[in-house]
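So you know, we letter chains A, B, ... as the sequences are listed, proteins then strands, and number each from 1. Keep in mind the model is a prediction, meaning the values are calculated, not measured.
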There are 2 protein chains.
Amino acid sequence: MSPPLSPVRTRNAAATRTAILEAARRRFAHEGYDRTGLRDIASDVGVDAALISRYFGGKEELFEEVLTCGPNIAEFLEGDREGFGDRVATMMAIEPMREEKFELFLIMLRSASSPKAAAAIRRHSSEAFFQPLEAWLGGEDAAVRARVLSCLMMGATMNRMIHEDYLLDDSQRRELCDALARTLNHFVSSDV
Amino acid sequence: MSPPLSPVRTRNAAATRTAILEAARRRFAHEGYDRTGLRDIASDVGVDAALISRYFGGKEELFEEVLTCGPNIAEFLEGDREGFGDRVATMMAIEPMREEKFELFLIMLRSASSPKAAAAIRRHSSEAFFQPLEAWLGGEDAAVRARVLSCLMMGATMNRMIHEDYLLDDSQRRELCDALARTLNHFVSSDV
DNA sequence: GGGCTATGTCATCAGTTGGTGACTTCTAGG
DNA sequence: CCTAGAAGTCACCAACTGATGACATAGCCC
């Protein structure tokens with residue numbers, strides 16, 4: 001993808017590890033587990049692919065570590081509760097798609113169909129996604145509401161992935177955004 | 001996958017073509033575009049992989065033809081409108097996952113991240129998915145409501161794919177099913 | 001300054017993929 | 001019966017993947 005990752009990195013193992021993890025996270029989010037080659041990641045970092053296997057053990061372990069130290073739902077939960085629906089819906093239906101904001105979703109959506117990646121995703125989706133969301137939601141039925149919200153957000157991201165513009169004109173996209181925002185807010189605040 | 005496709009098929013080009021298309025559709029739905037090899041499909045049919053390239057031109061064209069003659073949203077729209085939400089939500093949250101019922105969704109979800117497949121999906125999702133759904137919904141804002149419904153259905157299928165049981169116990173799954181059903185029905189019947 | 005070790009590279013492997021052209025075999029029509 | 005062409009197979013290719021062990025090199029400590 002884009003070359004400049006860490007400015008200088010001369011024989012610094014820790015910095016190289018971090019740079020590999022960052023490059024891997026971006027690649028996995030943009031291309032998915034299967035379509036990301038160790039050589040791609042290595043060339044992003046400016047390093048030999050063999051190094052990745054030596055540092056992380058293999059592609060699966062690298063993916064696992066990306067998820068461990070990776071992005072989570074937290075940044076979606078910043079701000080006031082009443083504004084949650086509008087913030088998320090606007091991000092998903094109106095604003096230009098900034099893939100780096102959706103890395104968690106994209107990694108899940110684009111890698112979940114790969115059996116090896118799916119196992120790791122299953123292992124980590126709870127702590128990176130559902131637990132924080134449920135805690136933020138609060139209430140007895142938080143688990144169920146979190147699932148509905150996750151359906152909406154995943155589905156919206158998926159739609160956006162498939163057809164960038166949703167095949168809608170501007171006013172329809174605003175209507176869609178409103179509908180999503182209201183539905184999201186409904187499950188943020190109310191009982192199911 | 002499972003061997004028995006067409007009972008007899010001795011040097012019948014048309015039947016072989018159909019058998020290949022069926023096997024390909026199932027494979028693409030179950031494994032996604034990238035993880036499905038021409039050899040896998042061929043061995044399902046009991047035929048040499050070279051035949052597929054000769055009949056369809058290549059993997060991309062095969063995928064395209066699967067989408068052309070493939071499944072669509074229609075079977076989800078059978079039955080009374082009032083029961084739509086319950087039918088779909090039950091299928092997605094309660095009933096055991098019958099992958100053959102979700103082939104359209106699964107093909108989209110598991111192959112959309114593959115650039116070659118994504119182009120074909122973009123080309124066909126409108127006529128196989130949104131147009132029928134919008135027509136069934138009716139009304140001025142049918143396009144927008146169709147998108148919300150698609151978000152919910154795609155997201156629910158995705159969640160089901162990732163963790164078979166949603167990480168919920170039985171009563172929570174029933175609550176989730178109710179919430180999904182009510183939300184779906186809301187966008188089936190009402191204005192946004 | 002010299003060596004030792006962490007850091008990184010290179011060559012290579014076995015496996016898989018989609019694809020192609022030459023080959024065989026079955027069957028319909030004369 | 002017998003042959004022509006359709007239907008299907010086989011052998012192979014080039015490209016790519018993840019992975020491994022042998023090798024090179026840079027920088028720190030004495």
Side-chain angles (χ1 to χ4, degrees), chain A residues 3 5-24 27-28 30-66 110-111 113-120, chain B residues 3 5-24 27-28 30-66 110-111 113-120:
Chain A
L5 265 177
S6 24
V8 287
R9 182 189 44 77
T10 49
R11 290 209 168 233
N12 177 343
T16 303
R17 253 189 83 99
T18 305
I20 291 173
L21 275 173
E22 283 180 27
R27 282 277 182 183
F28 285 138
H30 280 268
E31 333 259 0
Y33 181 83
D34 283 326
R35 278 166 301 281
T36 297
L38 293 182
R39 287 166 176 80
D40 302 327
I41 301 170
S43 99
D44 288 348
V45 182
V47 102
D48 191 276
L51 203 61
I52 301 181
S53 287
R54 289 221 327 179
Y55 275 11
F56 297 91
K59 193 183 178 182
E60 288 187 54
E61 292 91 329
L62 172 63
F63 185 76
E64 182 102 26
E65 192 145 338
V66 164
R110 296 211 245 243
S111 300
S113 53
S114 197
K116 294 173 181 176
Chain B
L5 266 177
S6 21
V8 286
R9 181 190 45 77
T10 48
R11 294 213 164 227
N12 178 342
T16 303
R17 253 189 81 99
T18 304
I20 291 173
L21 276 173
E22 282 179 29
R27 282 277 183 183
F28 286 139
H30 280 268
E31 332 259 0
Y33 182 83
D34 283 327
R35 277 166 301 282
T36 297
L38 294 182
R39 287 166 176 82
D40 301 329
I41 301 169
S43 100
D44 287 348
V45 181
V47 102
D48 191 276
L51 203 61
I52 301 182
S53 288
R54 290 218 327 179
Y55 274 9
F56 297 92
K59 192 183 178 183
E60 287 187 54
E61 293 92 328
L62 172 62
F63 186 76
E64 183 102 26
E65 192 144 338
V66 164
R110 296 211 245 243
S111 301
S113 53
S114 197
K116 295 172 180 174

Inset, instruction - Please report the shortest heavy-atom distance between A:Asp48 and A:Ala42, naming the atom on each side. - result: C-CB, 3.8 Å

Legend entry - B:Ser111: side chain to side chain donor-acceptor pair (under 3.5 Å) partners, not counting sequence neighbours: none

Inset, instruction - Take the protein atom CG of A:Asn12 and the nucleotide atom C1' of D:dC28, then report the distance between them rounded to whole Å. - result: 14 Å

Atom pairs, N/O to N/O, protein against nucleotides 15-22 of chain D, distance under 3.5 Å?
| unit_1 | atom_1 | unit_2 | atom_2 | d |
| --- | --- | --- | --- | --- |
| D:dG18 | OP1 | A:Thr36 | O | 3.2 |
| D:dG18 | OP1 | A:Lys59 | NZ | 2.8 |
| D:dG18 | OP2 | A:Leu38 | N | 2.8 |
| D:dG18 | N7 | A:Arg39 | NH1 | 2.7 |
| D:dG18 | N7 | A:Arg39 | NH2 | 3.4 |
| D:dG18 | O6 | A:Arg39 | NH2 | 3.0 |
| D:dA19 | OP2 | A:Lys59 | N | 3.0 |
| D:dA19 | N6 | A:Arg39 | NH2 | 3.4 |

Inset, instruction - Give one of base, sugar-phosphate or nothing for B:Tyr55, where a contact means two heavy atoms less than 4.0 Å apart. - result: sugar-phosphate

Legend entry - Length of the line joining B:Ile52:CD1 and C:dT20:C1', which is rounded to integer Å: 15 Å

Inset, instruction - State, to 0.1 Å, how close B:Leu21 and B:Val66 come at their nearest heavy-atom pair, and which atoms those are. - result: CD2-CG2, 3.8 Å

Nucleotides 26-30 of chain C: which of its N/O atoms have a protein N/O under 3.5 Å away?
| unit_1 | atom_1 | unit_2 | atom_2 | d |
| --- | --- | --- | --- | --- |
| C:dC26 | O4' | B:Arg11 | NE | 3.4 |

Inset, instruction - Give a yes/no on whether any side-chain N or O of B:Thr16 is located under 4.0 angstrom from OP1 or OP2 of D:dG8. - result: yes

Legend entry - Nucleotide C:dT7, atom P - distance to CD1 of A:Ile20 in whole Å: 12 Å

Pairs under 3.5 angstrom only: tabulate donor-acceptor contacts from the side chains of residues 49-65 of chain A to other protein residues two or more places apart or in another chain.
| unit_1 | atom_1 | unit_2 | atom_2 | d |
| --- | --- | --- | --- | --- |
| A:Lys59 | NZ | A:Tyr33 | O | 2.9 |
| A:Lys59 | NZ | A:Thr36 | O | 2.9 |
| A:Glu64 | OE1 | A:Arg123 | NH2 | 2.6 |
| A:Glu64 | OE2 | A:Arg123 | NE | 3.0 |
| A:Glu65 | OE1 | A:Arg17 | NH2 | 3.3 |
| A:Glu65 | OE2 | A:Arg17 | NH2 | 2.1 |

Inset, instruction - Please round to the nearest 0.5 Å and tell me the distance separating atom CD of B:Glu31 and atom OG of A:Ser114. - result: 10.5 Å

Legend entry - Atom-to-atom span, CG of B:Leu51 to P of C:dG21 - whole angstrom: 16 Å

Inset, instruction - Send over the distance from B:Lys116 NZ to C:dT17 C1', rounded to a whole Å. - result: 10 Å

